[in-house]
Amino acid sequence: MGTKSRETIYGASIRAAAERAAEARKDADRLAVEAWNARMLGFQGPAQPSPALGDALNARHRYLEVKCLGCNIHQTVALDIVRRPKTTPVHELERYMRCRQCSEVRRYPYKRSHLVALRPTKISASCPPSTWWPGER
Ligand SMILES: [Zn+2]
């Protein structure tokens, strides 16, 4: 009996168990993102508690959609370039958001914004800003 037979006996089931755990984590992260989005889009908050940056990324939602309360423009922030630990809850980013346009007009950093939702894509013509829960408008 050597290490080779242990690998033969247990290797496949250990790898399968690790794979199942990773799948379950991804499912849990996706459900947490969906639940948060539902609350934000349906009730406009509260934003707290919110999924962590790393959880949103794991659920393939790379962007946070934010509405500036000064100009009402929706913008997206790429979560993978935010320089915060991956354990940072998404709602904590709100106070760092600065609207460039409003800041230029007012000549001070304009940081009043509303978190809208987590998204898999940037805002574009084919992926418009989030408005309401699908089918409920
Ligand atoms: Zn603005």
Under the salt bridge (Lys or Arg N to Asp or Glu O under 4.0 Å) rule, what pairs show up with a residue in residues 43-55, not counting sequence neighbours? none
Applied to residues 11-26, the salt bridge (Lys or Arg N to Asp or Glu O under 4.0 Å) test, sequence neighbours excluded, yields E7-R15
Do the side chain of H91 and the main chain of P89 share a donor and acceptor less than 3.5 angstrom apart? no
Co-membership, hydrophobic cluster, residues V90 and V66, 4.5 Å side-chain: yes
Give me the atom names and distance for the closest heavy-atom approach of L115 to A47. CD1-CB, 4.3 Å
Decide yes or no for R30 and V33: does some side-chain heavy atom of the first lie under 4.5 Å from some side-chain heavy atom of the second? no
How many angstroms lie between atom CG of D27 and atom CG of N58, to the nearest 0.5 angstrom? 10.0 Å
Can I get a per-line list of side-chain donor-acceptor pairs under 3.5 Å for residues 72-86, giving both atom names and the distance, sequence neighbours left out?
| residue | atom | partner | partner atom | Å |
| --- | --- | --- | --- | --- |
| H74 | ND1 | E65 | OE2 | 2.6 |
| D80 | OD2 | R62 | NE | 3.0 |
| D80 | OD2 | R62 | NH2 | 2.9 |

Rounded distance [0.5 Å steps], OG in S130 versus CZ in R119: 4.5 Å
Residues passing the side chain to side chain donor-acceptor pair (under 3.5 Å) test with S126, sequence neighbours excluded, are S124
Quick one: closest heavy-atom pair of S50 and W36, and the distance? CB-NE1, 3.3 Å
Which atom pairs, one a donor and one an acceptor, fall under 3.5 Å between side chains of residues 95-114 and the rest of the protein, sequence neighbours left out?
| residue | atom | partner | partner atom | Å |
| --- | --- | --- | --- | --- |
| S103 | OG | C99 | O | 2.6 |
| S103 | OG | Y110 | N | 2.9 |
| Y110 | OH | G70 | N | 3.3 |

Can you get from L64 to I123 by hopping between Ile, Leu, Val, Met, Phe, Trp and Tyr side chains that sit under 4.5 Å apart? no
N37 (side chain) donor-acceptor with L118 (main chain) under 3.5 angstrom: yes
